[in-house]
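Here the structure comes first, spelled out in structure tokens, and everything after it is commentary.
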Amino acid sequence: MYSVFAVDDEPIVLEGIRSKIDWEGSGFNFVGEATDGEIALSMLHELKPDILITDIKMPFMDGLELAAAIKRIQPWIKIIILSGHDEFDYAKKAISIGIEEYLLKPFTPDELLESLKKAAAQIDRERKQLSDISKLREELKSTEMLKKKEFLNNLVHAAEDMTGIVEKSQELGFNLISRFYKVMISRIQSRTDNVQNLQEACSLLNSYSTAWEQAECFFHHSNLLVCIFKGSTREELDESIFHAAETIGHIATKNDDCTVLTAIGKTVEHLSQLNLSYEDAKRILDIEDKESQNRIISSDDLEEDSAKNGQGGAAEILELKENDPLVDRLKYAGQNEIAAIIDESMALIRNNPGQFSVFASYILVDLIFAVSKLVEKLGGDIKQVNPEILQRKFLEQAVLDEAHFTKAMEQVLSFALEYRDSKITGKYGAVILKAKRFIEENYADPNTTLTTVAEAVCLSPNHFSTIFSQECKTTFIEYLTNVRIENAKRLMKETDMKGYDIAYECGFSDPHYFSYIFKKNTGLSPREYKYKEDNPSS
């Protein structure tokens, strides 16, 4: 299955692309769309599709600018350009960028599908070529490659004579002159200890990492990818290293059997200090459980958290390894999620008619237990801060009927989020909560993207994306979409607004795309959902 994303400033074109192809039946998955390049760039960063379909002429950022940016930061994405008859000069530029397919408007669904199949075939060829283990072995055996690897390895282990280091690096084809440096180490593992899968993942990474302009990379042992990143500013360095870390995770985990833990060392200002950054990253790998999966951990963040919070304290909630999914959900849930949690609980109850009090009691007790654990982890005692919810009469009153149950659930959830917000002071906690509040206040704006929210919390998009997905167990795009869908459901229940008005009210610039996403998330079209809410007995 190949994932596909489409960009066009004409909604009718997007609707045609979305609705006139049997995506799953053809072996593709349509994952999203945008009406201009700027918004698309933010979404592509998050979704990481295999194929991009983009119009060549669009406002703000046209298709060529978008294609050039994507080829620079996500080189594996295959791009199909859509163009009119009078855009031949654009076509020539597209070819120079490295576009895979060029489709002339107007085009038929069959023509587009044929282009998609060609792109998919190219993906298959590249995957086969890149997974050729013998190629990796041959490169590693070559004298030049061995010299480069030895030089870089000595550099990060402080075993290289620093006299004439710049000249020596240039002789080997490196340009290491920069203002700031960081060392990143990615540990790739196989869940099943499958050597073949591990070697193929490392081969893929070896091929892609050689194209990164801001880094010099080599494999230490068989499964540790070590990268020396450079940048003229700290911000530029952070942006490039977090993007590369996400790219490594995406490439290596194309095979579900493989996992990646990436550790990022501290920022240093001299080549002679690279070993300090390397040891920092290595320390993170040594501390982290060998079973850690698909995480990116930065030394700078860990240091800032320790400085702000000392040892222990409220910020420890951010590193909890809980088995209770409800506790995890409550760590960063927003006020907008209260209704969603209650709706899910009611759906479970309604699926078991005639047993309301039994299931309502079970759900409420489970919630109170999760809230108690949350309070405890934040240094409190539920018996002292909210003894009311532990009383038998609270439970008995709550399960009298749906109205009482809903009110009790809302009371407990509101208390949990307010208590949490009053206690969490750690860096990640503050970032996530600020981001979620920003989303709650701005989800109706179609220009609310990963980039705008990252700016609001003063982080680079790559760094913010990493933190958000790891701490919230969902991607930024998935979370934003869920917020918009939940608010759309609320408006359907509480108002008589038309579907297209609800779409615009919830931040969707195209009502047709809103309908598509709504059904994809709920299993019902907006009209079907509205009818079901208005006629619960039917």
Discussion item. Could you go through T35 and D9, starting from their C-alpha distance and side-chain angles, then the distance that decides it, and tell me whether this counts as side chain to side chain donor-acceptor pair (under 3.5 Å)?
Written reply: CA-CA 4 Å; T35 53; D9 60 334; over 6 Å; no
Practice prompt. Verify side chain to side chain donor-acceptor pair (under 3.5 Å) between T448 and Y443, making sure each step is shown before the conclusion.
Written response: CA-CA 6 Å; T448 296; Y443 70 86; over 6 Å; no
Discussion item. I'd like to know whether E235 forms a side chain to side chain donor-acceptor pair (under 3.5 Å) with S460, so could you lay out the CA-CA distance, the side-chain angles of the two residues, the decisive distance to 0.1 Å, and finally the verdict.
Written reply: CA-CA 8 Å; E235 293 76 16; S460 74; over 6 Å; no
Practice prompt. Under the side chain to side chain donor-acceptor pair (under 3.5 Å) rule, what do K182 and T267 come out as? Steps first, then yes or no, please.
Written response: CA-CA 5 Å; K182 274 182 187 284; T267 303; 2.9 Å; yes
Worksheet item: What's the verdict on ring-ring contact (aromatic ring centres under 6.0 Å, His included) for Y479 and F468, showing C-alpha distance, side-chain angles and the deciding distance?
Response: CA-CA 10 Å; Y479 180 82; F468 195 94; 5.5 Å; yes
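With sequence neighbours excluded, the residues satisfying side chain to side chain donor-acceptor pair (under 3.5 Å) with E478 are T474, T475.
The heavy-atom pair separating I432 from C472 by the smallest distance is CG2-SG, 3.6 Å. Of all non-hydrogen atoms in M184 and A244, the two that sit nearest each other are CE-CB, 4.3 Å. Across G231 and L237, no two heavy atoms sit closer than the pair N-CD1, 3.9 Å. Of all heavy-atom pairs spanning I284 and S299, the tightest one is CD1-N, 3.7 Å.
Using a cut-off of 4.0 Å between Lys/Arg side-chain N and Asp/Glu carboxylate O, R234 and E269 are scored as salt-bridged. Taking 4.0 Å as the cut-off between side-chain N and carboxylate O, D286 and K282 count as a salt-bridged pair. For the pair E440 and R437, the salt-bridge criterion is not met [side-chain N within less than 4.0 Å of a carboxylate O]. Electrostatic pairing of K78 and E101 does not count as a salt bridge here, judged by no charged N lying under 4.0 Å from a carboxylate O. In this structure, K436 pairs ionically with E337, as a charged nitrogen and a carboxylate oxygen lie closer than 4.0 Å.
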Sequence neighbours excluded and cut-off under 3.5 Å, please list the side-chain donor-acceptor pairs for residues 218-227, or say none.
from, atom 1, to, atom 2, distance (Å)
N223, ND2, I188, O, 2.8

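Residues R18 and H512 are in side-chain contact: their nearest non-hydrogen atoms beyond the backbone lie under 4.5 Å apart. Using a 4.5 Å cut-off on side-chain heavy atoms (C-beta onward), E160 and I165 make contact. L261 is not listed as a side-chain neighbour of S186, based on a closest heavy-atom distance of 4.5 Å or more. With a 4.5 Å cut-off on side-chain heavy atoms, I241 and I264 count as touching.
The backbone N or O of E10 lies less than 3.5 Å from a partner atom in the side chain of D8, making a donor-acceptor pair. In this structure, S277 contributes its side chain and V183 its backbone to a donor-acceptor pair below 3.5 Å. With hydrogens and angles ignored, the 3.5 Å screen pairs a side-chain donor or acceptor of N521 with a backbone N or O of I517. Remark: side-chain polar atoms of H157 are paired, donor with acceptor, to backbone N or O of N153 under 3.5 angstrom.
Among Y2, Y516, Y513, the one residue that satisfies the ring pair (Phe, Tyr, Trp, His ring centres under 6.0 Å) test with F30 is Y516. The side-chain hydrogen bond (donor to acceptor under 3.5 Å, both in side chains) test with S190 singles out one residue from D257, N197, T259, and that residue is D257.
Applying the salt bridge (Lys or Arg N to Asp or Glu O under 4.0 Å) definition to pairs two or more places apart or across chains, none involves residues 446-469.
Side-chain contact check for Q196 and E200: at least one donor-acceptor pair (N or O, by modelled atom type) lies under 3.5 Å.
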